2 protein chains.
Amino acid sequence: MELRQLEYFLMVCEVNSFTRAAERLYVSQPAVTSAIKSLEDELGIQLFDRTLKQAVLTSEGQVFYKHIQHVMHGVSQTLSEIDNLKNLNTGTIVLGITPLAGIAPLPQQLAAFAEIYSDKTDRRG
Amino acid sequence: MELRQLEYFLMVCEVNSFTRAAERLYVSQPAVTSAIKSLEDELGIQLFDRTLKQAVLTSEGQVFYKHIQHVMHGVSQTLSEIDNLKNLNTGTIVLGITPLAGIAPLPQQLAAFAEIYSDKTDRRG
DNA sequence: TAATATTACGTATTACGTAAAGATT
DNA sequence: AATCTTTACGTAATACGTAATATTA
């Protein structure tokens with residue numbers, strides 16, 4: 001099971017069509033068919049009913065859908081948080097000071113840092 | 001980002017070593033190195049500090065770890081639920097009856113079904 | 001030097017697109 | 001007939017293992 005397959009799966013669920021899902025994912029229809037098929041094979045269940053004009057979830061597919069929605073939401077949140085870390089919107093600064101260095105230059109350095117990131121710094125006292 | 005990479009990542013976190021993670025995953029060390037490295041490249045952050053003898057999470061790695069734990073737990077739950085569905089431990093039976101068929105044979109048929117799956121049937125009235 | 005992680009490289013797997021065929025209304 | 005899905009197949013990308021190299025205590 002791969003995230004790519006799950007992504008394709010959610011898209012097919014949303015648009016109820018392999019063709020339209022492929023369009024939105026910017027891949028070919030066969031790519032979607034193949035991904036969903038291998039997913040079904042691995043899970044050992046059929047996810048969609050293709051007998052109708054629309055691709056509609058089977059009852060098992062519905063169960064899978066609910067779970068996978070949560071999983072992919074978690075993935076999204078993870079990537080967002082990582083992006084925040086990279087942009088320094090979130091983060092923790094660890095200060096280490098040796099006795100010899102002294103604390104004399106500290107206030108000035110902290111002020112300089114806060115100045116640079118003035119729009120992003122949360123000054124707690 | 002792929003589930004395989006996340007699986008490798010969690011294992012390295014657990015054992016604090018690429019070598020031991022590889023052993024537990026039944027793959028070679030280079031496979032783990034490569035998977036983690038491509039994950040780091042894609043995320044744009046460094047997940048582990050390798051300067052020490054042990055592979056230890058960076059601060060960003062710790063954030064990623066917490067999120068991914070939840071994601072993978074969700075994946076596990078999903079697979080468990082699907083297994084339950086396949087084993088008929090969970091499921092919904094939809095009954096459809098046409099007027100012509102009549103309801104006369106129904107009680108007998110339901111009784112027969114409940115008999116077969118007596119250990120798994122939740123009879124609600 | 002002993003233990004650990006990385007790099008190099010050849011092989012096998014597979015995701016993809018194009019083209020053709022099958023299936024349902 | 002028209003629309004949607006699947007199958008066939010060739011190509012490009014990549015996951016893996018073995019072997020060699022680098023790095024740190």
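Below, chain A is the first sequence line, B the second, and so on; all start at residue 1. Everything numeric here is computed off the predicted structure, so don't read it as measured data.
- Taking the salt bridge (Lys or Arg N to Asp or Glu O under 4.0 Å) definition, one finds that B:R20 meets it with nothing, sequence neighbours left out.
- Of all heavy-atom pairs spanning A:E60 and B:L85, the tightest one is CG-CD1, 3.7 Å.
- In the hydrophobic cluster analysis, where Ile, Leu, Val, Met, Phe, Trp and Tyr join through side-chain heavy atoms closer than 4.5 angstrom, B:V32 is grouped together with B:I45.
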Take B:E2 and A:L3, measure what side-chain contact (heavy atoms from CB on, under 4.5 Å) needs, and give me the verdict at the end. CA-CA 6 Å; B:E2 298 164 28; A:L3 290 180; 5.8 Å; no
Apply side-chain contact (heavy atoms from CB on, under 4.5 Å) to residues B:V12 and B:S17 and explain how you reach the verdict. CA-CA 6 Å; B:V12 174; B:S17 158; over 6 Å; no
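- The nucleotide whose nearest atom lies closest to any side-chain atom of A:A55 is, among D:dT7, D:dT5, C:dT4, D:dT5.
- Remark: B:R24 fails to qualify as a cation-pi partner of B:Y26 under the 6.0 Å distance and 45° angle criteria applied to the six-membered ring.
- Looking at heavy-atom distances under 4.0 Å, B:T33 makes contact with a base.
- Per the geometry, CG belonging to B:N16 stands 12 Å off P belonging to C:dT4, to the nearest Å.
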Does A:D49 form a side-chain contact (heavy atoms from CB on, under 4.5 Å) with A:L57? I'd like the steps, not just the answer. CA-CA 6 Å; A:D49 180 2; A:L57 281 170; over 6 Å; no
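- One can place CG of A:D49 at 12 Å from P of D:dT5, the figure rounded to the nearest angstrom.
- In terms of phosphate contacts, A:K37 brings a side-chain nitrogen or oxygen within less than 4.0 Å of OP1 or OP2 of D:dT7.
- Rounded to 10°, the helix from C:dT1-D:dA25 to C:dT25-D:dA1 has 30° between the axis fitted to its first five pairs and the one fitted to its last five.
- Linking ILVMFWY side-chain heavy atoms closer than 4.5 Å, directly or via other members, places B:M11 and B:V56 in two distinct hydrophobic clusters.
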Donor-acceptor pairs under 3.5 Å, side chain of residues 35-42 of chain B to any protein atom, not counting sequence neighbours: which ones?
| residue | atom | partner | partner atom | Å |
| --- | --- | --- | --- | --- |
| B:S38 | OG | B:Q5 | NE2 | 2.7 |
| B:S38 | OG | B:S34 | O | 3.2 |
| B:S38 | OG | B:A35 | O | 3.0 |
| B:E40 | OE1 | B:R50 | NH1 | 3.1 |
| B:E40 | OE1 | B:R50 | NH2 | 3.2 |
| B:E40 | OE2 | B:L47 | N | 2.7 |
| B:E40 | OE2 | B:F48 | N | 3.3 |
| B:E40 | OE2 | B:R50 | NH1 | 2.9 |
| B:E42 | OE1 | B:M1 | N | 2.7 |
| B:E42 | OE2 | B:M1 | N | 2.7 |

Could you list the protein-to-nucleotides 11-13 of chain C atom pairs, N/O on both sides, closer than 3.5 Å?
none

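- Across the protein-nucleic acid pair, B:D41 atom CG and D:dA15 atom P stand 12 Å apart, rounded to whole Å.
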What is the per-nucleotide protein-contact pattern of nucleotides 15-25 of chain C, from the 5' end, where B denotes a base atom under 4.0 Å from a protein heavy atom, S denotes such proximity for sugar-phosphate atoms only, and - denotes neither? SSBBB----SS
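- Side chain of B:K86 to main chain of B:E81: no donor-acceptor pair is present (N/O by atom type, distance under 3.5 Å, no hydrogens or angles).
- At whole-Å resolution of the value, CD1 in B:I36 and P in C:dT4 are 17 Å apart.
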Can you give each donor-acceptor pair under 3.5 Å made by side-chain atoms of residues 64-72 of chain A, sequence neighbours left out, with the distance rounded to 0.1 Å?
| residue | atom | partner | partner atom | Å |
| --- | --- | --- | --- | --- |
| A:Y65 | OH | A:Q69 | NE2 | 3.0 |
| A:H67 | ND1 | A:V63 | O | 3.1 |
| A:H70 | ND1 | A:K66 | O | 3.3 |

